[in-house]
Visitor: 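The structure that follows is given in the form of structure tokens.
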2 protein chains.
Amino acid sequence: MKQKPTLKVIARELDVSVSTVSKALRDSKEIGEKTKERVKAFAKLYNYRPNNIALSLKNKKTKTLGVIIPEIVHHFFTTVISGIEKFANEQGYNVIVGLSNESFDKEVINLDMLANGSIDGFILSVAKETLSKQDFHHIAETIDQGIPIVMFDRVIDEIPCDKVIVDDVATSKKAVQQLINSGCKKIGIISTMDYVSVGKLRTRGYLEALNHNDIEVDFNAILKIDDKFHAATEHEALEKQIEIYFESNPEVDGIFAVNEIYAITAMKIARKLGKSIPEDIQFIGFTDGVLSQHAYPPLTTVSQHGFEMGEEAARLLIERLEKQDEETESYQTVVVNTEIVERETTK
Amino acid sequence: MKQKPTLKVIARELDVSVSTVSKALRDSKEIGEKTKERVKAFAKLYNYRPNNIALSLKNKKTKTLGVIIPEIVHHFFTTVISGIEKFANEQGYNVIVGLSNESFDKEVINLDMLANGSIDGFILSVAKETLSKQDFHHIAETIDQGIPIVMFDRVIDEIPCDKVIVDDVATSKKAVQQLINSGCKKIGIISTMDYVSVGKLRTRGYLEALNHNDIEVDFNAILKIDDKFHAATEHEALEKQIEIYFESNPEVDGIFAVNEIYAITAMKIARKLGKSIPEDIQFIGFTDGVLSQHAYPPLTTVSQHGFEMGEEAARLLIERLEKQDEETESYQTVVVNTEIVERETTK
DNA sequence: AGTTGCCACTAAAACGTTTTCGTGTTGACA
DNA sequence: TGTCAACACGAAAACGTTTTAGTGGCAACT
């Protein structure tokens with residue numbers, strides 16, 4: 001087992017001082033040519049790499065980003081992570097991920113564990129429980145300690161920081177409009193509870209589209225799923241809620257769902273109820289992912305461009321980190337554009 | 001902006017020495033009761049937390065695990081990460097993820113970036129390109145430097161280290177047997193190229209099942225997809241290959257696919273060709289994920305229990321880390337059991 | 001009174017870097 | 001010959017901890 005050499009052992013071996021070695025490796029002009037050669041040759045031979053931890057301690061920056069998301073088994077979030085990773089790596093940063101599992105406590109713990117010097121800044125999508133409790137002290141405190149945070153997707157208006165979002169209301173409006181244009185007479189929405197910011201905004205877009213077309217709003221056609229912070233484990237409950245919904249709304253011929261799972265589950269129930277897609281009922285989902293692509297029939301969705309969102313978030317964070325001392329420019333919120341990818345659940 | 005206090009500022013403020021503060025906080029019996037009280041109160045008031053980086057430097061361990069996977073937008077891998085995260089967090093470890101994107105170079109870079117003190121050990125699933133090049137020097141060198149590695153799923157036999165796998169051949173054999181039991185007369189397999197260890201092993205299981213039932217092997221019914229290291233971007237190519245396959249194998253009435261995507265894509269093509277599932281043709285996939293659950297019809301698959309694999313991998317790694325000095329017990333490879341979850345693509 | 005032992009605390013080293021400030025040797029120049 | 005700059009290098013501090021090895025004072029014991 002070859003131990004990693006340190007400056008100290010190189011210095012001892014070459015009979016020079018530690019500082020000489022350090023300077024030689026950084027090609028300082030203080031050091032003579034032959035010594036530089038000697039040191040570099042030795043370093044290469046023994047595959048010397050500076051110890052990152054020591055550097056972090058010295059520089060007071062770790063060159064790593066903390067990403068905290070509600071869950072990782074979720075196509076949208078992984079796409080975002082990919083974008084973050086790519087950008088971060090290009091800039092020489094690492095990414096450390098924390099999972100909140102939609103839980104307030106785990107979010108607090110994660111923030112806390114990493115805020116002790118392990119990372120330079122956070123990229124965060126807020127847990128549902130946090131959203132519903134409206135308790136944001138941990139986030140505010142982190143920022144107050146000088147650790148920058150960038151929020152994406154699920155965002156908190158009251159907290160001043162950089163944000164990366166999608167224009168949820170405009171996009172939803174556009175999606176519903178498309179349903180209308182395709183001939184739907186009675187359009188329903190399957191959304192989340194209002195404390196989830198995006199659910200609320202997408203519902204607003206839905207309402208705006210109806211109003212804009214002078215269609216009367218039927219509040220029975222608005223289904224707000226209460227999934228107790230964790231969709232994965234409660235799938236039967238979800239199906240049940242949707243089934244009841246369809247039974248009490250037999251005349252809907254268009255569904256706008258705020259995420260893939262809701263859309264696909266609704267399609268399944270609709271099929272079970274004997275409706276054919278898209279002839280009897282059309283569907284548009286939000287958040288384009290593998291599920292939509294491979295659904296039967298392939299689902300028309302609005303793509304949020306998660307990869308791009310990740311890149312943007314990483315860019316915002318790293319830019320802020322690198323010019324920390326310069327003028328503290330005010331916070332930005334970048335809106336990444338969306339796109340409806342038409343597949344076979346719309347006419 | 002409140003800066004995090006250090007031992008030094010607490011010491012100065014309270015007019016004691018740094019060591020006293022450190023000991024007081026760790027409740028050392030060397031320190032008098034009233035001093036302890038004073039220090040603790042002050043620390044709590046200013047929300048003191050020891051700086052992780054300094055600790056890492058001192059202890060020569062970072063309490064973080066490096067996880068390197070081929071891609072993150074993939075249900076199986078994210079499930080594994082969840083398992084790793086859970087176990088690691090319970091033991092006070094953090095997880096830093098690196099993406100190889102199935103590329104050899106990125107795998108090397110990732111290993112390199114993190115091996116410089118940033119992490120205590122690796123959990124790794126090998127990139128396809130690495131597998132096909134058969135160049136494992138980076139992995140061997142990392143281990144040689146004293147950094148333990150645990151491999152999972154895609155594993156390299158030649159490298160001695162802890163491993164977490166699934167009994168690919170036995171499981172595949174079982175899956176194919178099930179197809180046989182359900183009345184399939186001509187069973188095909190859609191696999192990967194042989195350099196992907198799991199593809200090879202699963203194909204072997206398929207062959208064993210046929211032999212065991214005295215069914216003659218038709219090598220034309222074995223399709224090996226060559227997806228040039230990146231399935232996501234080449235979906236049409238995949239469809240094309242499968243379509244050609246079906247046309248030259250019209251009589252197959254059962255398909256065993258080594259992953260979800262292959263299975264679902266094959267189902268789509270089969271449907272397009274007018275076959276009905278499972279009446280005309282049955283399907284079993286490998287790697288149970290959201291896609292299988294929500295496919296139409298819901299796909300029968302073998303579940304690899306990714307979460308459990310992640311937990312096991314983390315356990316192996318952390319155990320090795322914590323008893324580093326004790327007897328260097330030999331490497332383990334744990335085989336997590338699999339399970340066929342029957343849905344609607346089999347009779 | 002002198003020794004011993006304990007108590008409560010401090011000094012300093014160590015982890016691996018980078019960087020500031022010296023410092024001794026050389027050569028050139030007046 | 002004496003002065004100065006340039007050169008090539010070293011010592012030490014600093015980042016924030018923990019830990020080992022003291023240290024001074026006091027009480028108890030002989």
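Convention: sequence-line order gives letters A, B, ...; per-chain numbering from 1.
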Visitor: Which nucleotide sits closest to the side chain of K8(B): dC15(C), dT17(D), dC15(D)?
Guide: dC15(D)
Visitor: What is the distance from CG of D15(B) to C1' of dA8(C), rounded to the nearest Å?
Guide: 15 Å
Visitor: Whole angstroms only, please: what is the CG-C1' distance between L7(B) and dA11(C)?
Guide: 15 Å
Visitor: Hey, could you give me the CG/CG distance between L57(A) and N52(B), rounded to the nearest 0.5 Å?
Guide: 11.5 Å
Visitor: Roughly how many Å is it from CG in N116(A) to P in dT17(D), rounded to a whole number?
Guide: 9 Å
Visitor: To the nearest Å, how far apart are K4(B) NZ and dT17(D) C1'?
Guide: 14 Å
Visitor: Looking at K60(A), does any N or O in its side chain come under 4.0 Å of the phosphate oxygens OP1/OP2 on dG16(D)?
Guide: yes
Visitor: Send over the distance from L57(B) CG to dT17(C) C1', rounded to a whole Å.
Guide: 8 Å
Visitor: Does a side-chain N-to-carboxylate-O contact under 4.0 Å join E322(A) and K61(A)?
Guide: no
Visitor: For the residue pair F104(A) and H137(A), categorise the inter-ring angle as parallel (less than 30°), tilted (30 to 60°) or perpendicular (more than 60°).
Guide: tilted
Visitor: Enumerate all atom pairs, one protein N or O and one N or O from nucleotides 19-24 of chain C, separated by less than 3.5 Å.
Guide:
unit_1: dT20(C); atom_1: O4; unit_2: K23(A); atom_2: NZ; d: 3.1

Visitor: What does the list of N/O pairs under 3.5 Å between the protein and nucleotides 4-6 of chain C look like, with a distance for each?
Guide:
none

Visitor: Report yes if at least one side-chain N or O of K61(A) is closer than 4.0 Å to OP1 or OP2 of dC15(D); otherwise report no.
Guide: no
Visitor: Any side-chain donor-acceptor pair under 3.5 Å between S17(A) and T20(A)?
Guide: yes
Visitor: Is K29(A) near enough to dA8(D) that one of its side-chain N or O atoms lies under 4.0 angstrom from OP1 or OP2?
Guide: no
Visitor: Check this for me: does any side-chain nitrogen of one of R320(B) and D162(B) sit under 4.0 Å from a carboxylate oxygen of the other?
Guide: yes
Visitor: Enter the distance from Y48(A):OH to I10(A):CD1 here, rounded to the nearest 0.5 Å.
Guide: 6.0 Å
Visitor: Any residue in residues 47-56 of chain B with a heavy atom nearer than 4.0 angstrom to DNA chain D? Just list them by number, or reply none.
Guide: Y48(B), R49(B), P50(B), N51(B), A54(B), L55(B)
Visitor: What closest approach, in Å, do Q91(A) and K63(A) show between heavy atoms, and which atom pair accounts for it?
Guide: O-NZ, 3.7 Å
Visitor: Whole-Å distance between dG16(C) C1' and R12(A) CZ?
Guide: 13 Å
Visitor: Is there a donor-acceptor pair closer than 3.5 Å between any side-chain N or O of D15(A) and the backbone N or O of A11(A)?
Guide: no
Visitor: Any salt bridge between K34(B) and E37(B), counting N to O under 4.0 Å?
Guide: no
Visitor: Does A24(B) offer a backbone N or O that forms a donor-acceptor pair with the side chain of S28(B) under 3.5 Å?
Guide: no
Visitor: Starting from P on dA8(D), measure out to CZ on R38(A) and report it in whole angstrom.
Guide: 14 Å
Visitor: Between E312(A) and R315(A), is the salt bridge (Lys or Arg N to Asp or Glu O under 4.0 Å) condition met? List the steps.
Guide: CA-CA 5 Å; E312(A) 282 299 310; R315(A) 187 181 60 74; 2.6 Å; yes
Visitor: Can you tell me the distance, in whole Å, between the CG atom of L25(A) and the C1' atom of dT18(C)?
Guide: 12 Å
Visitor: Without hydrogens or angle criteria, can the side chains of K4(B) and N116(A) be said to hold a donor-acceptor pair below 3.5 Å?
Guide: yes
